[in-house]
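Sequential numbering from 1 along the given sequence is applied to the chain's residues. Only heavy atoms go into these numbers, but all of them, side chains included; no hydrogens, no water, no symmetry mates. Order of listing sets the numbers, starting from 1, for every ligand and every atom in it.
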Amino acid sequence: MTTAYLNGEFLPLQEARISPLDRGFLFGDGIYEVVPSYGGRMVGFKQHFARMEQGLALVEIVSGLAESDTREICQRLIDINSEALGENIGVYLHVSRGADTRRFHAYPDGVQPTIFAFAFALSAPAVADRHNHPGAKVAITEDLRWQRCHIKSTALLGNVMHFQQGYREGNAETVLYNEAGQITEASSSNVFIVKDGEVLTPPLDNQLLPGITRLLVLECLKKAGIPHRETAFTVDELYAADEVWLTSSGKEIMPIVKVGENVIADGKAGPVWEQAFALYSKLKFEL
Ligand code: PDD
């Protein structure tokens, strides 16, 4: 059994309880983060905390959580659960607006936010060797979520429905495109393509989450002098790409070899992925 954190207390996950009037439960009224760790060391904690703060400010929740306290909670969850979960651990951190005395849409006054965190096992990182990575297959569909996808809201039904659409047919993810036929992101990851040696990813706006892995990958590319650009690209450009990758805290950088019925290039993980992933694996604790 793993240990979780709820409102100031560490306790067995199965014993954690919240009110059914919690607005996170009733409205999906909350913000969350997933912070990865490998061998007890977190990746991008500072950036994850900053994104959470931005999300909380956008929905006017005051968590009262300081960065140092939050880091301590996450680190403690990693340390105390390492025996049960192994050395690769993700921490799910969730702040909802809290439990009101009634179900009423307006933000209530004087309600304490609910702060909940738990640890879960992450799969071991891949090895940066393109000949030994099978690559993954994804579905593709029109993005039908809301217009505030830059907020990491716990209201994820749109993402869940899109993920399920692909998962049902054996896909690792579902890539999404907007009305103009441009790629936004995937249901729980960001999208990169490689064309003629240049790495491209859609620019940040309200159609996609500012992924922390995306940010760290861009930093790695910059440091290594690998050509890259934040720019819109279409579904057809994705099909014609030399490489397609997805990034997220759980996937790190995942090479994609098939999108819908379209095989990407030669259907194998590519050399730029191998290079970027090797750099990322080296720099992920330092950025
Ligand atoms: N998902 N886009 C969406 C819609 C996401 O939900 C996620 C992360 C990302 C990648 O962000 P990051 O690199 O910061 O993990 C992009 C998390 C892992 C989840 O919901 O479990």
Side-chain angles (χ1 to χ4, degrees), residues 24 28 30-38 42-56 58 70 74 88-96 116-123 125-126 136 138-167 172-178 182-193 201-221 230 244-254 256 276-277 280-281 283-285 287:
I31 298 292
Y32 78 104
E33 278 297 327
V34 175
V35 186
S37 74
Y38 300 94
M42 286 188 274
V43 179
F45 175 81
K46 225 181 163 47
Q47 292 86 348
H48 280 281
F49 184 79
R51 181 175 65 187
M52 191 176 79
E53 288 278 272
Q54 282 157 15
L56 289 168
L58 285 167
T70 311
C74 294
N88 308 312
I89 294 179
V91 176
Y92 175 86
L93 178 62
H94 169 128
V95 180
S96 83
F116 171 56
F118 71 95
F120 61 95
L122 281 181
S123 43
V138 298
I140 185 160
T141 193
E142 186 175 353
D143 195 340
L144 297 176
R145 302 170 302 159
W146 68 332
Q147 293 179 17
R148 293 180 180 84
C149 291
H150 58 304
I151 301 176
K152 199 163 173 62
S153 160
T154 57
L156 285 173
L157 188 56
N159 303 60
V160 164
M161 289 174 76
H162 279 321
F163 183 84
Q164 181 64 22
Q165 221 175 322
Y167 183 75
E173 246 288 27
T174 304
V175 167
L176 305 170
Y177 57 85
N178 63 18
Q182 294 165 331
I183 301 297
T184 54
E185 58 176 344
S187 76
S188 59
S189 349
N190 292 112
V191 181
F192 287 73
I193 62 171
T201 195
L204 295 182
D205 60 19
N206 63 357
Q207 297 183 76
L208 66 153
L209 188 77
I212 304 305
T213 321
R214 172 189 181 282
L215 180 80
L216 300 181
V217 168
L218 288 173
E219 280 296 319
C220 286
L221 298 173
E230 293 176 68
V244 175
W245 316 333
L246 295 185
T247 64
S248 78
S249 294
K251 297 179 192 80
E252 303 209 284
I253 314 175
M254 179 187 272
I256 303 303
F277 190 53
Y280 177 81
S281 305
L283 292 174
K284 66 186 179 188
F285 299 116
L287 291 164

Any nitrogen or oxygen of [X], main chain or side chain, under 3.5 Å from a nitrogen or oxygen of ligand 1?
{"X": "Ser249", "result": "yes"}
{"X": "Ile212", "result": "yes"}
{"X": "Ser248", "result": "no"}
{"X": "Thr213", "result": "yes"}
{"X": "His48", "result": "no"}
{"X": "Arg51", "result": "yes"}

Does ligand 1 have a heavy atom under 4.0 Å from the side chain of Asn159, from its backbone, from both, or from neither?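 Looking at Asn159 and ligand 1, just side chain atoms fall under 4.0 Å.
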
Select one of side chain, backbone, both or neither to describe which atoms of Cys149 lie under 4.0 Å from any atom of ligand 1, heavy atoms only.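 No part of Cys149 is near ligand 1 at this cut-off.
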
Applying a strict 4.0 Å limit to heavy atoms, is [X] in contact with ligand 1?
{"X": "Ser189", "result": "yes"}
{"X": "Tyr32", "result": "yes"}
{"X": "Gly44", "result": "no"}

Starting from [atom], locate the nearest protein heavy atom and write down its residue, its atom name and how far away it is, to 0.1 Å.
{"atom": "atom 17 (C) of ligand 1", "answer": "Lys152 NZ, 3.4 Å"}
{"atom": "atom 10 (C) of ligand 1", "answer": "Asn190 OD1, 3.6 Å"}
{"atom": "atom 21 (O) of ligand 1", "answer": "Val34 CG2, 3.7 Å"}
{"atom": "atom 3 (C) of ligand 1", "answer": "Glu185 OE1, 3.5 Å"}
{"atom": "atom 6 (O) of ligand 1", "answer": "Ser188 CA, 3.5 Å"}
{"atom": "atom 11 (O) of ligand 1", "answer": "Gly211 CA, 3.5 Å"}

Would you kindly say whether Asp143 and Gln207 are connected by a side-chain donor-acceptor distance under 3.5 Å? no

Under 3.5 Å, is there a donor on one side chain and an acceptor on the other for Gln165 and Thr174? no

Check the surroundings of atom CZ in Phe118: do more than 12 heavy atoms from other residues, nucleotides or ligands lie under 6.0 Å from it?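 Check passes, neighbour count above 12.
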
Point-to-point distance, once rounded to the nearest 0.5 Å, from [atom1] of [X] to [atom2] of [Y]:
{"X": "Leu56", "Y": "Ile151", "atom1": "CG", "atom2": "CD1", "answer": "10.5 Å"}
{"X": "Phe116", "Y": "Thr154", "atom1": "CZ", "atom2": "OG1", "answer": "12.0 Å"}
{"X": "Arg51", "Y": "His150", "atom1": "CZ", "atom2": "NE2", "answer": "12.5 Å"}
{"X": "Glu185", "Y": "Asn159", "atom1": "CD", "atom2": "CG", "answer": "7.0 Å"}

Could you walk me through whether Leu218 and Glu230 satisfy the side chain to side chain contact (heavy atoms under 4.5 Å, CB included) test, starting with their C-alpha distance in whole Å, then the side-chain angles of each, then the deciding distance to 0.1 Å, before giving a yes or no? CA-CA 9 Å; Leu218 288 173; Glu230 293 176 68; 3.8 Å; yes

Mutual orientation of the aromatic rings belonging to Phe45 and Phe49 [parallel < 30°, tilted 30-60°, perpendicular > 60°]: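 Phe45 and Phe49: parallel rings.
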
Hey, is Glu252 close enough to Lys284 for a salt bridge, meaning N to O under 4.0 Å?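 Result for this pair is yes, salt bridge flagged.
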
Checking Thr184 against Arg145 for the side chain to side chain contact (heavy atoms under 4.5 Å, CB included) test, could you report, in this order, the C-alpha distance in whole Å, the side-chain angles of both residues, the deciding distance, and whether it holds? CA-CA 11 Å; Thr184 54; Arg145 302 170 302 159; 4.3 Å; yes

